[in-house]
Number of protein chains: 2
Amino acid sequence: MGLMSQPRWLTDEEQRTWRDFSAAVGMLKAHLETQLQQDAGMPHTYYELLVVLSEAPGQVMRMSDLAIATRSSRSRLSHAIARMEAAGWVRREACETDKRGAFAHLTQAGLEALEAAAPGHVEAVRTSLFDPLTPEQVRQLGEISATIIDQLTPRCAAAAAEELERLEHDAAGT
Amino acid sequence: MGLMSQPRWLTDEEQRTWRDFSAAVGMLKAHLETQLQQDAGMPHTYYELLVVLSEAPGQVMRMSDLAIATRSSRSRLSHAIARMEAAGWVRREACETDKRGAFAHLTQAGLEALEAAAPGHVEAVRTSLFDPLTPEQVRQLGEISATIIDQLTPRCAAAAAEELERLEHDAAGT
DNA sequence: GCTCGTTGGTTGAGCCCTCAAGCAACAATG
DNA sequence: CATTGTTGCTTGAGGGCTCAACCAACGAGC
């Protein structure tokens with residue numbers, strides 16, 4: 001966009017939609033966050049970590065992979081795993097083949113914490129999101145979400161593509 | 001729900017929708033947050049405070065009203081206004097009629113900060129949300145959001161409705 | 001007037017996050 | 001090898017949020 005271009009302001013309709021959407025997302029997030037915090041004593045991000053870890057073969061993942069899978073920064077993951085290790089839900093393990101690496105290993109206590117937390121959380125998602133929406137709306141929400149993801153992914157995709165191209169170019173140059 | 005009732009797990013379809021929705025919201029939020037932080041040096045919540053304040057007559061609001069209007073806790077607002085006052089965007093003013101009360105007054109610098117931040121933020125909302133969606137999808141998103149808000153409002157709505165009714169009743173009583 | 005509950009607002013501790021810096025182990029190059 | 005850059009992960013500082021505790025000012029009842 002040009003430096004001096006007029007900003008394309010939102011129409012009243014769009015503004016109303018945007019505010020409702022913001023409010024809905026905020027309320028939903030707050031609702032799920034407090035439910036999980038009160039009933040299971042963990043923030044939602046930790047719950048997601050437990051879910052992803054529990055689905056991994058052997059309940060073990062490289063820190064880096066876990067970060068990517070949960071769209072988390074390395075730093076955040078490091079802090080989070082530190083706290084979850086203190087809670088006894090997870091154990092760090094060294095990597096033999098690459099001594100920089102570290103594994104996060106879901107413990108039995110972690111699995112139990114997840115299993116205790118899951119039903120309440122799913123129920124909350126159901127009652128606050130899926131139950132009030134019609135099946136058609138659920139479908140629409142899925143498509144809308146996919147579109148937004150597509151729109152926002154380019155940066156990573158571009159970086160990845162660029163990376164790939166650079167590698168291929170380097171390879172071609174040799 | 002009964003104590004021992006089987007949790008109503010999500011179907012694969014629902015699970016996919018939920019994960020996409022979570023991802024979309026997370027990415028959108030992160031995108032807007034970093035845009036605003038980098039271009040205007042403020043978090044999104046502060047931006048919202050500036051917007052609401054700027055729309056108030058005289059650019060002044062009671063702390064309490066501002067908290068309600070932005071769906072913020074009193075505590076959060078207090079901390080936020082403290083920081084925004086330090087940034088020179090807002091000034092606290094005492095209330096004469098109720099000496100407990102406090103006003104938040106948007107300063108000229110605050111208004112300018114908002115006007116500087118707005119175009120970039122709106123553009124970001126456009127390009128990441130409204131542009132990629134069809135008008136029909138925008139309409140759908142509005143309805144979906146309204147439904148979610150309805151579902152999650154009961155607590156506040158009950159209080160607000162009660163308040164309104166009380167006020168009307170008082171007026172009728174005179 | 002005094003008490004007692006409520007209301008408006010602030011404060012401090014603690015948690016989660018981000019950002020930038022740091023460090024050790026690897027990998028490629030000369 | 002030695003060097004240089006990169007990768008995998010950690011750390012510390014600082015910001016924003018919540019929660020509970022707090023305080024002052026109001027207001028209703030005796």
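So that the names make sense, note that chain A is the first sequence line, chain B the second, and so on, each numbered from 1. Given the structure is predicted, the values throughout are model-derived calculations rather than measurements.
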Below 4.0 angstrom from OP1 or OP2 of [N], is there any side-chain N or O of [X]?
X	N	answer
A/Y46	C/dC15	no
A/R74	C/dT18	no
A/S75	C/dT18	no
B/S64	C/dG9	yes

When rounded to the nearest 0.5 Å, the distance separating CE of A/M84 from CE of A/M42 is 7.0 Å
In whole angstrom, give the distance that lies between atom [atom1] of [X] and atom [atom2] of [N].
X	N	atom1	atom2	value
A/H44	D/dT18	NE2	C1'	18 Å
B/Q37	C/dA20	CD	P	11 Å
A/R76	C/dC16	CZ	C1'	9 Å
A/Q35	D/dT18	CD	P	17 Å
A/K99	D/dT10	NZ	C1'	19 Å
A/M42	C/dC16	CE	P	11 Å
B/E33	D/dG15	CD	P	15 Å
A/R100	D/dG8	CZ	P	6 Å

Could you tell me whether the side chain of A/H79 has a donor or acceptor atom within less than 3.5 Å of a complementary atom in the base of D/dG12?
yes
_For C/dT11, does the base pair up with any side-chain atom of B/S78 as donor and acceptor (N or O, under 3.5 Å, distance only)?_
no
Note to self: With a 4.0 Å cut-off on N to O distance, would you call A/D20 and A/R16 a salt bridge?
What the structure shows: yes
- Query: In terms of side-chain geometry, is the basic nitrogen of B/E123 or B/R126 positioned less than 4.0 Å from the acidic oxygen of its partner?
  - Reply: no
Within residues 80-98 of chain B, the residues having a heavy atom closer than 4.0 Å to DNA chain C are B/R92
Could you tell me whether the side chains of B/H44 and B/E33 share a donor-acceptor contact shorter than 3.5 Å? no
In terms of the angle between their ring planes, are B/W18 and A/F130 parallel, tilted or perpendicular, with boundaries placed at 30° and 60°?
-> perpendicular
**Request:** Answer yes or no: are there more than 12 heavy-atom neighbours, outside A/R8 itself, under 6.0 Å from its atom CZ?
**Result:** yes
Checklist entry - Shared ILVMFWY cluster between B/I149 and A/L28, side chains joined below 4.5 angstrom? => result yes
